Each structure stands twice: as C-alpha cells, then as structure tokens.
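Before any comments, here is the structure.
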Amino acid sequence: MSIFNSFNINASGLTAERYRMDVIAENVANANTTRTADGTPYKRKVVTFEEKNATPANFKAYLGHASEKYTGQGVKVSSVSEDDWTQMNMVYDPAHPDADENGYVTYPNVNIVTEMTNLIDASRAYEANATAFNASKEIAMKGLEMAGS
C-alpha cells in the first residue's frame with residue numbers, strides 16, 4: 001500500500017462524513033416541515049456507508065484475491081434512505097392548516113437529540129480522518145526529508 005492510498009482512504013472518509021453531516025443538517029432544518037412538494041410530512045433521511053471496492057462474498061472469489069493486495073480503498077456512501085421505522089410525531093393543533101379532521105398535525109420523525117448525537121459522531125469521525133490524513137502527510141514529508149539528505 002502506497003502513501004497515496006492512505007491519502008485516498010482518508011479523503012474518502014472525510015467526504016463521506018461531510019456528506020453525512022449535510023444530511024443531518026437537512027433533517028434538522030426540516031424538523032417542522034409538515035408538507036413537502038408531494039403533500040406529505042418530511043421524512044428523516046439516513047446515510048449508509050459501505051467499503052469502496054468491496055471484495056466478493058464467496059470463497060472462490062476470496063481465493064482469487066489472495067495474491068492481490070488489499071483492494072478496499074476507503075468508504076463510500078451506498079445510499080440515502082428515508083427512515084420508515086420511526087413513527088411520525090402527532091401533535092394536537094386544530095388551528096394548524098395541515099391538521100386532520102381530529103385536529104392532529106403529523107410532524108416529521110426527526111428527533112433533535114438524535115440528530116445532534118449523530119452530528120457529534122460524524123464530526124468526531126471527520127476529525128479522526130483529518131488527523132490520520134495529517135499523520136500520513138507527516139510520514140510522507142519525513143520520507144522526503146530522509147531521501148533529500
């Protein structure tokens with residue numbers, strides 16, 4: 001594995017975590033959106049990561065890759081899906097324009113505490129990738145200094 005591979009791996013982690021933070025920000029911004037373009041309340045979005053260049057899942061393929069070097073070159077966003085497993089928030093507000101016949105308004109399934117916890121997690125992962133990137137950069141600089149002397 002070359003030093004440039006470590007730069008690519010760390011850069012992919014930085015990009016993925018930044019995207020995750022963007023989606024979390026979208027969730028927070030739409031925490032009170034009761035009507036989207038299609039007329040339904042906003043649904044919380046969830047980012048899923050997967051390994052780049054993941055190796056095949058069967059034994060024959062693993063055996064075929066035995067002579068090759070590690071091929072996973074970081075992380076990528078595999079999907080952004082809507083959270084269908086968390087219930088929407090029902091709030092009694094008969095004066096609201098989106099209230100149903102019983103006076104209840106369906107608010108998004110966004111929990112600010114959960115989103116802020118996820119934001120802290122993504123921020124720490126971003127920081128860890130930045131630290132690893134800087135460590136790789138320092139190693140490369142030391143190598144260049146040693147080669148130059």
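Predicted model, so just to flag it, every value in this text is computed and none were measured.
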message = Treating Asn111 as the side-chain partner and Val113 as the backbone partner, does any N or O pair qualify as donor plus acceptor under 3.5 Å?
response = yes
message = Using every non-hydrogen atom in the two residues, find where Ala16 and Phe49 come nearest and quote the distance to one decimal.
response = O-CZ, 3.5 Å
ask   = Do you know the tightest heavy-atom contact between Glu51 and Lys76?
value = O-CE, 4.3 Å
request  = Using distance alone, with no hydrogens and no angle criterion, decide if Asn109 and Thr86 have a side-chain donor and acceptor under 3.5 Å apart.
outcome  = no
task = Could you tell me whether Glu115 and Arg44 have a side-chain N and a carboxylate O separated by less than 4.0 Å?
result = yes
ask   = Less than 4.0 Å between a side-chain N and a carboxylate O, is that true for Lys43 and Asp84?
value = yes
inquiry  = We want to know whether Tyr42 and Asn32 form a side-chain donor-acceptor pair, criterion being a heavy-atom distance below 3.5 angstrom.
reply    = no
ask   = Would you call Ile112 and Val28 a side-chain contact if the rule is heavy atoms closer than 4.5 Å?
value = yes
ask   = If you look at every heavy atom in Val105 and Asp93, which pair is closest and at what distance?
value = CG2-O, 3.7 Å
request  = Please answer whether the main-chain N or O of Val75 pairs with a side-chain N or O of Ser12 as donor and acceptor at a distance below 3.5 Å.
outcome  = yes
query = With hydrophobic residues grouped by side-chain heavy-atom distances under 4.5 Å, do Tyr92 and Met90 end up in a single group?
reply = yes
query = Hey, is the main chain of Thr117 close enough, under 3.5 Å, to the side chain of Asp121 for a donor-acceptor pair?
reply = no
ask   = Do Val77 and Leu14 belong together in a cluster built from hydrophobic side chains that touch within less than 4.5 Å?
value = no
message = Measuring from atom NE2 of His96 to atom OG1 of Thr34, what distance do you get when rounded to the nearest 0.5 angstrom?
response = 4.0 Å
query = Side chain of Asn30, backbone of Thr33: donor and acceptor closer than 3.5 Å?
reply = no
remark   = Separation between CG (Asn10) and CG (Asn134), nearest 0.5 Å, reads 9.0 Å
ask   = Run the side-chain contact (heavy atoms from CB on, under 4.5 Å) check on Tyr104 and Val91 step by step: do they pass?
value = CA-CA 5 Å; Tyr104 284 94; Val91 177; 6.0 Å; no
key: Heavy-atom pair of closest approach, residues Ile24 and Ala122   = CD1-CB, 4.5 Å
key: Path from Trp85 to Val47 over hydrophobic side-chain contacts below 4.5 Å   = no
key: Path from Met116 to Tyr126 over hydrophobic side-chain contacts below 4.5 Å   = yes
request  = Measure the OG1-CZ distance between Thr131 and Arg124 for me, rounded to the nearest 0.5 Å.
outcome  = 11.5 Å
inquiry  = Closer than 3.5 angstrom, by distance alone: can the side chain of Ser123 be matched with the main-chain N or O of Leu119 as a donor-acceptor pair?
reply    = no
ask   = Is a donor on one side and an acceptor on the other found under 3.5 Å between the side chain of Ser136 and the backbone of Ser6?
value = no
Plane angle bin for Phe7 and Phe133 - parallel if under 30°, tilted between 30 and 60°, otherwise perpendicular = tilted
ask   = How long is the span from the CE atom in Met146 to the CE atom in Met141, to the nearest 0.5 Å?
value = 13.5 Å
